There are 2 protein chains.
Amino acid sequence: MARTNTRFIEAYNKALTLCTKATIGEPVPSENALASQLDVSRTIVRSVLTRLHENQIISGTGRNKVVLRQPTPDDRLEGPTRLLSIEELESRFLDWILRMDVPPGTVLNVAQLSKEFSVATHTLQEFLNALSRFSIVTRRPRGGWELNGFTADFAVELSDFRAMLELNSARHLATLPEDHPIWAKLEALEASHHDLLARIDDDYHDFSVLDEKFHETINSVVKNRFVKDFQNIISLVFHYHFQWNKSDERTRNEAAIHEHLAYIDALRSRDTDRAERAARTHLMTSKQTLLDSLKANAHMR
Amino acid sequence: MARTNTRFIEAYNKALTLCTKATIGEPVPSENALASQLDVSRTIVRSVLTRLHENQIISGTGRNKVVLRQPTPDDRLEGPTRLLSIEELESRFLDWILRMDVPPGTVLNVAQLSKEFSVATHTLQEFLNALSRFSIVTRRPRGGWELNGFTADFAVELSDFRAMLELNSARHLATLPEDHPIWAKLEALEASHHDLLARIDDDYHDFSVLDEKFHETINSVVKNRFVKDFQNIISLVFHYHFQWNKSDERTRNEAAIHEHLAYIDALRSRDTDRAERAARTHLMTSKQTLLDSLKANAHMR
DNA sequence: AGAATAGTTTATTATTATTAAAGACACTTT
DNA sequence: AAAGTGTCTTTAATAATAATAAACTATTCT
C-alpha cells in the first residue's frame with residue numbers, strides 16, 4: 001500500500017554481515033556510525049536494530065547493546081523482487097519501441113505496460129514524460145500517451161539535428177590549439193580505426209562501438225548541457241539501428257571507417273571549411289544508413 | 001480518495017441550465033444526445049440523470065423521462081475549486097523561478113510547492129519532469145528535485161545553443177528561392193521595425209514582442225521538431241529577461257532594431273556568409289543583453 | 001560544560017487502493 | 001435496422017499510507 005522497504009531489507013542484511021564479522025559480546029556501534037556505514041538514514045538503522053533485537057541477534061538497550069549471537073543464513077531477509085530502475089527500463093523500453101512493430105499513433109496503456117515491464121505505473125509515467133522530451137511519445141489531452149513512433153520523418157529530423165550539432169562541434173574542434181587534449185584523443189581513435197580496418201573481415205561488427213566513441217569524442221569539445229542532452233538520445237537511436245540492417249554490414253562499416261579517417265585528417269588540417277565538408281559527407285552517409293535500416297526493418301514486418 | 005468529480009459537477013450544472021430552458025413535462029433527450037451536448041461520456045450523463053431524479057427535477061425511467069420542475073439556484077452543485085491546468089502552472093512557475101531569488105542547488109519540495117501553486121502534487125511532478133527537459137531542474141537520485149536555477153552558466157549555454165540553431169536557420173533561409181513566402185514575411189517585419197523606429201521614444205517597450213516575432217519567423221523555415229521544441233523555452237527565457245533590465249532599455253532596443261534591419265538586409269542579399277555574420281553579430285548582442293540583465297537582477301537582491 | 005548518542009517528532013516521497021470517467025458490449029424498444 | 005438504455009470492464013487521476021529522511025530534544029558520558 002506504500003513504498004517498498006527495499007532499503008530496510010538491504011540495510012538489515014548488511015547489518016547481519018557486520019554481526020557475522022563481530023565477536024560475541026562486542027558492543028554495537030552508534031546509530032550514527034551505522035547510518036553512515038550502511039549509507040541509510042538513522043531511521044532505518046533504528047528499525048534494523050529493533051529487528052535485530054527481536055530476532056535475538058543483539059541485546060541490551062540504549063548505549064549498551066551488544067552482539068548476542070552469530071546470525072545464520074536463515075536470518076537473512078528476502079526482499080521483494082526489485083523493480084526495474086528507470087535506467088534499466090529505458091533500454092528495455094527503447095528496445096521494444098525501436099524494434100517492435102508499433103505503428104505510429106498507437107495509444108499506450110500505462111497500466112498494461114507497467115505490468116509488461118514490471119515497474120510501477122508511476123515510474124512508467126515519469127519515463128514516458130522523459131521520452132516526450134524527444135517527441136517519441138506525446139501526452140494526450142485527457143490522459144493517455146500516444147506513440148509517435150520511430151518514423152522516417154523522425155529519423156530525418158533527428159539526423160538533421162544531429163548533423164547540425166556535430167557540424168558545430170567539428171568547426172569548433174578545428175580551431176583548437178595544438179596542445180588541446182583532443183588531438184591526442186583523435187590520434188588514439190585514428191589508431192583504433194586502422195587497427196579495426198586490419199581485421200575488418202572478422203570484426204566488422206565492432207565498428208558500432210567505435211563509431212559511438214568517435215562521435216562522442218568530437219562532440220565532447222563543446223561544453224553545453226543542451227548539446228549533451230541530445231547526444232544521449234542520438235547515440236541510443238543510432239546504436240540500436242546499427243544492429244538492424246545486416247545487409248552489407250561489412251562493406252558499409254569499412255566505408256564508414258574510411259570516412260572517419262578522412263574526417264580526422266580534415267580536422268587535423270585546421271581548415272574549418274575542409275573539416276566541415278568531411279563532417280557533412282560522413283553525416284550524410286550516416287543519415288542514409290539510418291534511413292536504409294528503417295526501410296529494411298519495415299520490410300521485415 | 002480518488003479523482004475529483006469536477007466533470008460530473010460541471011455536467012450536472014449544465015444539465016440544470018438545460019432543464020431551466022425546457023418546459024415542464026418535456027421529454028428528456030437521449031443519453032447519447034446529452035453526452036455529446038455536454039461533451040462528456042455517457043457514464044457521466046447517467047450519473048447526472050440519476051442525481052436529477054433523486055432531486056425530483058426529472059421523473060420517469062428508461063425512455064420515458066420528463067422534466068418535472070424548474071431547477072432553483074439551490075440545486076446547483078458547488079465544485080471543488082478547480083486546480084490550475086498545466087499551462088497555467090507553467091507561466092506562474094517560470095515567473096517564480098526566473099524572478100525569484102532561488103539559489104541554484106535548492107532542493108524543491110513538491111508537497112509545499114503544490115500547495116503554494118494550488119495544484120495536485122502529481123501535476124507538479126509531471127511539470128518538473130517536463131522542465132527537466134531544459135535542465136532547469138534535475139531529479140535527485142533518491143527522490144526530490146533540485147533546482148539548477150537560472151545561472152550565468154545556464155544563460156551562456158542557452159544563448160550559445162540558440163545561436164547555433166539560428167545560424168543554421170539563417171544559412172538555410174538565405175538559400176531559399178525568390179517565391180518562398182518567407183521573403184514576404186521578412187518584408188512585413190522590416191516595415192514593422194521601421195514603424196517602431198519612428199516612434200521609438202514612446203514605444204520602445206514594444207520591441208520585446210517584435211523581437212520574439214522576428215526570431216520566430218527566421219527559425220520557422222527549418223522544419224524540425226527538435227528545433228521547434230527548443231524554440232519554446234528559448235523564447236520564454238529571453239522574453240522574461242527582456243522585462244528585467246530596465247536600464248538603457250530605449251537605447252538597447254533601438255540598437256537591436258538596427259541590427260535586425262541589417263540582419264534582414266544580409267539575408268536578402270542571399271550571401272550565406274554575410275547572412276551568417278549579421279546573424280552572429282545580433283545573437284552576440286542578444287547574449288550580452290541576457291547576461292547583463294542577469295547581472296542587473298543579481299544586484300537587485 | 002560540552003560532545004556524543006539515543007529517543008521523539010515531523011516532513012516528504014513512492015506506491016498502492018480507490019474512485020471517476022470512458023468505453024464496450026448486450027439487450028430493448030420503436 | 002436504428003436508436004436507445006442497462007450492465008460491465010478498463011483505465012487514469014487522486015487520496016491514503018508506509019517507508020524514509022531529517023530535524024529536534026533529551027540523556028549520558030567524559
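Remember, it's a predicted structure, so these values are computed and weren't measured experimentally. In what follows, chains are A, B, ... by sequence order, proteins preceding strands, each numbered from 1.
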Once you round it to whole Å, what is the distance between [atom2] of [N] and [atom1] of [X]?
| X | N | atom1 | atom2 | value |
| --- | --- | --- | --- | --- |
| B/I44 | D/dG6 | CD1 | P | 17 Å |
| B/N5 | D/dA12 | CG | C1' | 15 Å |
| A/L38 | D/dT20 | CG | P | 13 Å |
| A/F8 | D/dA18 | CZ | C1' | 13 Å |
| A/K65 | C/dA6 | NZ | C1' | 7 Å |
| A/E10 | D/dA19 | CD | P | 15 Å |
| A/L49 | C/dA6 | CG | P | 8 Å |

- Closest heavy-atom pair, B/T20 versus B/Q70, reported as atoms and distance to 0.1 Å, is O-OE1, 3.1 Å

- Query: Can you name the closest pair of heavy atoms from B/A152 and B/L291 and give their distance?
  - Reply: O-CD2, 4.1 Å

- Between residues 22-37 of chain A and DNA chain C, which residues have a heavy-atom gap below 4.0 Å? A/S30, A/E31

- Message: Is it the case that the side chains of A/T17 and A/R76 hold a donor-acceptor pair, with the cut-off being a distance below 3.5 Å and no angle test?
- Response: yes

- Under 3.5 Å side-chain donor-acceptor pair for A/R162 and A/S235: no

- Note on the structure: Closest to the side chain of B/R46, out of D/dG6, D/dA19, D/dA3, is D/dG6

- Considering only side-chain heavy atoms of A/R42, which listed nucleotide, C/dA21, D/dG4, C/dA6, is closest? C/dA6

- Message: Quick check on D/dA21: is either OP1 or OP2 less than 4.0 Å from any side-chain nitrogen or oxygen of A/S41?
- Response: yes

- Task: Could you tell me whether the side chain of A/S47 has a donor or acceptor atom within less than 3.5 Å of a complementary atom in the base of D/dA19?
- Result: no

- Task: Please evaluate the base of C/dT5 for a donor-acceptor partner in the side chain of A/R63 within a cut-off of under 3.5 Å?
- Result: yes

- For the residue pair A/F226 and B/F161, does the interplanar ring angle fall in the parallel (under 30°), tilted (30 to 60°) or perpendicular (over 60°) class? tilted

- Task: Any chance you could measure A/S47, atom OG, to A/I9, atom CD1, to the nearest 0.5 Å?
- Result: 11.5 Å

- Find the distance between OG1 (B/T61) and CG (B/L49) and round it off to the nearest 0.5 Å. 12.0 Å

